2 protein chains.
Amino acid sequence: MHCRNGGLMTKPLRHETILKLVRQAPIPNQHALQMELKKSGLAATQATLSRDLAELGLVKTAEGYKLPAQVAEPSQFPNGDLKRVMREFLREASPANNLIVVKTPPGNANALGIALDKASLPEVVGTIAGDDTILVVTRSAATARSLRKKFLNWVG
Amino acid sequence: MHCRNGGLMTKPLRHETILKLVRQAPIPNQHALQMELKKSGLAATQATLSRDLAELGLVKTAEGYKLPAQVAEPSQFPNGDLKRVMREFLREASPANNLIVVKTPPGNANALGIALDKASLPEVVGTIAGDDTILVVTRSAATARSLRKKFLNWVG
DNA sequence: GTGCAACATGTATAATTATACAATTGATCC
DNA sequence: GGATCAATTGTATAATTATACATGTTGCAC
């Protein structure tokens with residue numbers, strides 16, 4: 001078979017390069033990794049990369065392969081606080097694709113945004129708060145819709 | 001098609017159950033999850049579970065699906081310390097499948113074991129230290145062998 | 001009521017990943 | 001030198017996961 005290896009220890013270099021790449025950004029799949037490595041002059045088949053990723057202990061998330069350290073901490077504790085803040089400030093929540101557009105009284109978006117971030121709900125990828133509007137970014141439209149319903153239930 | 005759903009909101013319950021299961025132990029794959037859910041009287045196809053896992057933001061590791069919180073922290077900082085301790089105490093390191101059997105002078109296994117744990121090398125799944133022997137558990141035989149070489153290089 | 005849109009889900013299949021096996025290379029021992 | 005073994009990798013394929021599409025259901029507007 002053609003192992004074009006030729007005795008050069010390519011594996012350690014490849015592993016280093018993979019770690020370098022994954023530190024820059026999550027790698028969506030093994031084919032993408034293969035392309036990136038090729039740019040660095042490193043050839044490897046999908047099978048080899050599958051083995052590499054396992055040996056390096058990388059982890060596959062919705063965003064792609066990451067270092068374990070890069071895996072976001074999820075909600076540290078429940079959201080009693082969030083519910084309270086939300087009851088106070090939430091006026092309206094509209095899904096828009098994978099976003100929820102949350103309206104608050106003028107000047108209060110930030111407060112609610114902070115509470116949302118702190119609660120770090122698993123559904124929430126991130127938030128941006130303006131003056132009276134927060135964009136809540138979720139992984140999918142379905143998530144946005146179901147999370148929105150959860151919000152509305154909370155404020156009952 | 002037969003969505004035997006009948007209007008009961010099975011999804012939230014299913015999601016709760018999945019989270020409960022994954023808190024107990026990593027779930028190796030979607031088929032295993034399907035079997036577990038069946039035990040709880042919850043029927044779902046692989047496709048549904050694939051969608052569920054994505055919505056819940058679970059992450060796939062070598063051990064299976066986990067909560068992001070359960071993903072182990074990798075080496076926090078390099079291993080200068082470990083190298084020093086290792087030079088002092090390491091006498092022998094033999095690979096045995098996915099283990100490395102590390103020998104130390106009598107009574108020193110624990111010290112080296114602690115240094116190993118602190119360094120939390122990505123290759124190391126865990127360690128057990130006796131009196132003059134440490135078992136270093138890695139993910140694979142290949143990892144064990146290459147890590148062992150790394151050890152031997154360190155102690156020069 | 002009808003119509004419509006959003007959901008949840010199953011089926012079938014595409015896409016992705018893991019692995020059994022074979023081949024090559026380099027080291028070690030006789 | 002030749003034999004043998006461990007390591008690395010490719011090929012082919014199996015196993016696993018994601019998704020395009022279709023369908024039954026529910027809630028809401030009219």
Side-chain angles (χ1 to χ4, degrees), chain A residues 1-15 18 26-35 37 42-56 58-65 94-98 100 138-150 152, chain B residues 1-15 18 26-35 37 42-56 58-65 94-98 100 138-150 152:
Chain A
M1 210 145 301
H2 30 131
C3 303
R4 81 278 274 132
N5 171 335
L8 292 78
M9 291 198 316
T10 61
K11 187 156 111 158
L13 173 58
R14 190 154 31 79
H15 280 196
I18 291 173
I27 299 173
N29 57 45
Q30 297 177 6
H31 187 253
L33 175 56
Q34 194 175 30
M35 296 299 113
L37 286 173
L42 289 166
T45 60
Q46 174 267 321
T48 297
L49 299 182
S50 170
R51 293 184 272 244
D52 285 348
L53 292 172
E55 287 173 32
L56 293 170
L58 297 190
V59 146
K60 192 173 190 188
T61 71
E63 293 85 41
Y65 290 96
S94 324
N97 203 345
N98 68 319
I100 310 174
T138 63
R139 253 178 296 277
S140 71
T143 307
R145 286 186 298 253
S146 86
L147 181 57
R148 176 217 174 215
K149 280 197 183 163
K150 198 188 276 190
L152 296 183
Chain B
M1 209 143 299
H2 29 132
C3 304
R4 81 279 273 131
N5 171 336
L8 293 78
M9 292 197 315
T10 62
K11 187 156 110 161
L13 173 59
R14 190 152 33 77
H15 280 195
I18 292 172
I27 300 173
N29 56 45
Q30 297 178 6
H31 187 254
L33 175 56
Q34 192 174 31
M35 297 299 112
L37 287 173
L42 288 167
T45 59
Q46 175 267 321
T48 297
L49 299 182
S50 169
R51 293 184 272 244
D52 285 349
L53 292 172
E55 285 172 34
L56 293 170
L58 297 189
V59 146
K60 192 173 191 189
T61 71
E63 293 85 41
Y65 290 96
S94 324
N97 204 344
N98 67 320
I100 311 173
T138 64
R139 253 178 295 277
S140 71
T143 306
R145 286 185 298 253
S146 85
L147 182 57
R148 175 216 175 217
K149 280 196 184 165
K150 198 189 277 191
L152 296 183

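These numbers come from the heavy atoms of this one structure, side chains and all, not from hydrogens, waters or symmetry mates. Note that the coordinates shown come from a computational prediction; the quantities given were computed from them, not determined experimentally.
- Between the CD1 atom of A/Ile100 and the C1' atom of C/dA6 there is a distance of 15 Å, rounded to whole Å.
- In this structure, A/Leu53 atom CG and D/dT9 atom C1' are separated by 15 Å, rounded to whole Å.
- As judged by a 4.0 angstrom heavy-atom cut-off over every strand, A/Ala44 is placed among residues touching the sugar-phosphate backbone only.
- Residues passing the side-chain hydrogen bond (donor to acceptor under 3.5 Å, both in side chains) test with A/Thr61, sequence neighbours excluded: A/Glu63.
- Between B/Gln34 atom CD and D/dT17 atom P there is a gap of 11 Å when expressed in whole angstrom units.
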Are there any protein N/O atoms within less than 3.5 Å of an N/O atom in nucleotides 19-21 of chain C, and if so, which ones and at what distance?
residue	atom	partner	partner atom	Å
C/dA20	N6	A/Arg51	NH1	3.4

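- Using a 4.5 Å heavy-atom threshold, the side chains of B/Tyr65 and B/Leu53 count as touching.
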For this session: Any chance you could lay out the side chain to side chain contact (heavy atoms under 4.5 Å, CB included) test for B/Ile18 and B/Leu58, step after step, and finish with the verdict?
Result: CA-CA 10 Å; B/Ile18 292 172; B/Leu58 297 189; 4.2 Å; yes
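- Regarding B/Leu13, its CG atom lies at a distance of 16 Å from the C1' atom of C/dT9, rounded to whole Å.
- With rounding to the nearest 0.5 angstrom, the CD atom of A/Gln34 is 8.0 Å from the CD atom of A/Gln46.
- To the nearest 0.5 angstrom, B/Met35 atom CE is 9.5 Å from B/Asn29 atom CG.
- C/dT24 atom C1' lies 16 Å from atom NZ of A/Lys11, rounded to whole Å.
- As a whole-Å value, the separation of A/Lys149 NZ from C/dA5 P is 16 Å.
- Atom P of nucleotide C/dA8 and atom CG of B/Leu56 are separated by 12 Å, given to the nearest angstrom.
- Within the 4.5 Å cutoff, side-chain heavy atoms of B/His15 are placed close to those of B/Lys11.
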So which protein N/O to nucleotides 14-16 of chain C N/O distances come out below 3.5 Å?
residue	atom	partner	partner atom	Å
C/dT16	O3'	A/Lys60	NZ	3.4

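- By the 4.5 Å heavy-atom criterion applied to side chains, B/Leu37 and B/Leu49 are counted as neighbours.
- C/dA8 atom P lies 13 Å from atom CD1 of B/Ile18, rounded to whole Å.
- The minimum heavy-atom distance between A/Pro28 and A/Pro26, with the atom names listed, is CD-O, 3.6 Å.
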